[in-house]
Student: 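First the structure, then my questions, so here it is.
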Amino acid sequence: MHEFVTLHETALRLGSFLAVGLAMAGWEVLAPRRPLSLGRARRWPVNLGMVALATLLVRLLFPAAVLAATATWAQDQTIGLFNTIAIPGALAIVLSILALDLLIYGQHVAFHHIPVLWRLHRVHHADLDIDFTTGVRFHPVEIILSILIKMAAVTALGAPVAAVVLFEVLLNATAMFNHGNVRLAPILDKVIRAILVTPDMHRVHHSVIVPETNSNFGFCLSLWDCVFGTYRAQPEAGHGAMTIGLPFFRDTADQGFLKLLANPFIERVGENDTKLP
């Protein structure tokens, strides 16, 4: 398995991204949860353009498959927890994926509560609608910082290459899934939510109401919000009536590609960046 995942890392990541993206796009057309205020023609080119730019910058700044390369280097140098203790390979993969998912939860909390990081992350939250493309709409600087954090974590863990690649595939897939503007039967949502973050669970996190924005930080496993007390079952106004986005940056002009790139450096009269963090 290790050799297969390593050899086909790029194909696995790109293939899963396209497959999940197309599946979510179709699902949103067939069974939308909420009407869109701006529409796909206005939002999709911007949101997908953000991930395209971030991917380009990552390729310019880092070697190909940088996280897998980091895991390989740590293994070769016998650095990191799972490279220095005797543990079955399958267990090391499972524990690494759990640890990396916890890391992303903690990183997400930090990007909400540290003002300078929140300025980057609010590009994600400024979307006036939420659908699967919101799940890939992040400022390129946030993406680069996230890669550096994950590189440090992969090294410290001594995570197997297979675990790193599988986690990245899982993270991208679940990010698009839980941002989806899709309808799930309540009983199905309840069953899935016991393990994974569902669209209804994560949508609360994109509410304009501050306590709701600062809840449901998980991207993949729902476990961490329950353990650390940040879980909120439903939005106060209900999913149909809740307002998506931030109290500021609500003009349609704020949703342009260049405006989003400049967003972290823009001040708004009356805005208190420490209010959300």
Side-chain angles (χ1 to χ4, degrees), residues 11-36 40 43-44 46-48 50-52 54-55 94 97-98 100-105 107-109 111 121 123-125 127-138 142-143 146 150 163-207 212-213 215-226 230-235 239-240 242 244-245:
L12 284 170
R13 293 191 60 183
L14 180 60
S16 66
F17 176 84
L18 294 175
V20 175
L22 289 173
M24 293 305 300
W27 191 356
E28 289 180 351
V29 170
L30 295 173
R33 187 69 163 96
R34 294 164 45 93
L36 298 176
R40 298 179 182 88
R43 294 175 52 259
W44 282 19
V46 172
N47 289 359
L48 296 176
M50 292 291 286
V51 71
T55 301
V94 171
I97 290 174
L98 288 173
L100 289 170
D101 194 52
L102 175 59
L103 169 75
I104 293 300
Y105 169 87
Q107 174 186 307
H108 196 178
V109 173
F111 270 76
H121 187 61
V123 169
H124 175 66
H125 279 269
D127 201 342
L128 300 180
D129 289 305
I130 180 170
D131 64 16
F132 83 96
T133 67
T134 310
V136 297
R137 167 179 153 154
F138 294 93
E142 179 175 357
I143 296 295
S146 181
K150 286 186 284 188
V164 173
V165 175
L166 290 174
F167 176 72
E168 285 293 288
V169 169
L170 185 63
L171 182 63
N172 290 334
T174 54
M176 288 189 284
F177 167 69
N178 61 44
H179 284 86
N181 181 31
V182 294
R183 186 176 299 277
L184 274 174
I187 184 62
L188 188 56
D189 177 87
K190 183 177 180 180
V191 170
I192 297 174
R193 190 185 293 212
I195 300 173
L196 300 176
V197 177
T198 64
D200 273 14
M201 177 178 167
H202 190 73
R203 192 176 299 108
V204 179
H205 181 73
H206 283 262
S207 167
E212 294 181 353
T213 309
S215 70
N216 296 3
F217 292 98
F219 262 67
C220 182
L221 297 176
S222 57
L223 167 68
W224 311 123
D225 283 297
C226 296
T230 53
Y231 176 71
R232 186 178 292 262
Q234 301 294 334
H239 286 281
M242 68 182 289
I244 299 294

Student: Restricting to non-hydrogen atoms, name the atom on Glu212 and the atom on Ser207 that form the minimum distance, rounded to 0.1 Å.
Tutor: OE1-OG, 2.6 Å
Student: Assess the pair Phe219 and Trp224: is the distance between their ring centroids shorter than 6.0 Å?
Tutor: no
Student: Answer whether the closest heavy-atom distance between the side chains of Ile195 and Leu221 falls below 4.5 Å.
Tutor: yes
Student: Is the shortest heavy-atom distance from the side chain of Pro32 to the side chain of Val182 under 4.5 Å?
Tutor: no
Student: Measuring from Asn216:CG to His108:NE2, what's the distance to the nearest 0.5 Å?
Tutor: 10.0 Å
Student: Given Leu98, which partner from the list Val94, Leu102, Leu100 fulfils the side chain to side chain contact (heavy atoms under 4.5 Å, CB included) test?
Tutor: Val94
Student: Are the side chains of Arg183 and Trp27 in touch, meaning some heavy atoms are under 4.5 Å apart?
Tutor: no
Student: Does any non-hydrogen side-chain atom of Leu103 lie less than 4.5 Å from one of Lys150?
Tutor: yes
Student: Of all heavy-atom pairs between Glu28 and Trp44, which one has the smallest distance, and what is that distance?
Tutor: OE1-CZ2, 4.2 Å
Student: Under a 3.5 Å distance rule, please check whether His205 uses its side chain to pair with a backbone N or O of Thr213 as donor and acceptor.
Tutor: yes
Student: Using 0.5 Å steps for rounding, measure from the CD1 atom of Ile192 to the CG atom of Leu184.
Tutor: 5.0 Å
Student: Tell me the closest heavy-atom pair linking Pro235 and Met242, and the distance in Å.
Tutor: CG-SD, 3.8 Å
Student: Does Arg34 reach the main-chain N or O of His239 with its side chain, forming a donor-acceptor pair under 3.5 Å?
Tutor: yes
Student: Give a yes or no on whether the ring-centroid distance for His124 and His179 is below 6.0 angstrom.
Tutor: yes
Student: When you compare the side chain of Ile143 with that of Met50, does any pair of heavy atoms fall below 4.5 Å?
Tutor: no
Student: So do Ser222 and Met201 actually touch side chain to side chain, heavy atoms under 4.5 Å?
Tutor: yes
Student: Looking only at atom types and distance, does a side-chain atom of Asp225 sit under 3.5 Å from a main-chain N or O of Phe217, one as donor and one as acceptor?
Tutor: yes
Student: Quick one: pull up CZ in Phe177 and CG in Leu196 and give me the separation to the nearest 0.5 Å.
Tutor: 7.0 Å
Student: Which heavy atom of Ser215 sits nearest to which heavy atom of Arg232, and what is that distance?
Tutor: OG-CB, 3.7 Å
Student: So, Ser16 side chain and Leu12 main chain: donor-acceptor pair closer than 3.5 Å or not?
Tutor: yes
Student: Considering only heavy atoms from C-beta outward, does the side chain of Leu48 approach that of Val136 to under 4.5 Å?
Tutor: yes
Student: Would Asn181 and Asp129 count as having a side-chain donor-acceptor pair, cut-off 3.5 Å?
Tutor: no
Student: Roughly how far, to the nearest 0.5 Å, is CZ of Phe132 from CG of Leu22?
Tutor: 7.5 Å
Student: Could you check whether Arg40 pairs with Asp131 (Lys NZ or Arg NE/NH1/NH2 to Asp/Glu carboxylate O, under 4.0 Å)?
Tutor: no
Student: On a heavy-atom basis, which atom in Val197 and which in Gly218 lie closest, and how many Å separate them?
Tutor: CG2-O, 3.6 Å
Student: So, taking the atom named CG in Leu171 and the one named CG in Leu166, what distance separates them when rounded to the nearest 0.5 Å?
Tutor: 12.5 Å
Student: Quick one: which of Ile130, Leu128, Thr134 gives a side chain to side chain contact (heavy atoms under 4.5 Å, CB included) with Arg43?
Tutor: Thr134
Student: Out of curiosity, Thr174 OG1 to Ile104 CD1, how far, rounded to the nearest 0.5 Å?
Tutor: 10.0 Å
Student: Give a yes or no on whether the backbone of Phe17 and the side-chain of Asn172 come within a donor-acceptor separation of less than 3.5 Å.
Tutor: no
Student: Using modelled atom types only, decide if a donor and an acceptor are shared between the side chain of Arg203 and the backbone of Thr198 within a distance under 3.5 Å.
Tutor: no
Student: Could you tell me if the side chain of Val123 sits less than 4.5 Å from the side chain of Glu142, heavy atoms only?
Tutor: no
Student: Might you point out which heavy atoms bring Arg193 and Ala233 nearest each other, and give the distance in Å?
Tutor: NH1-O, 2.9 Å
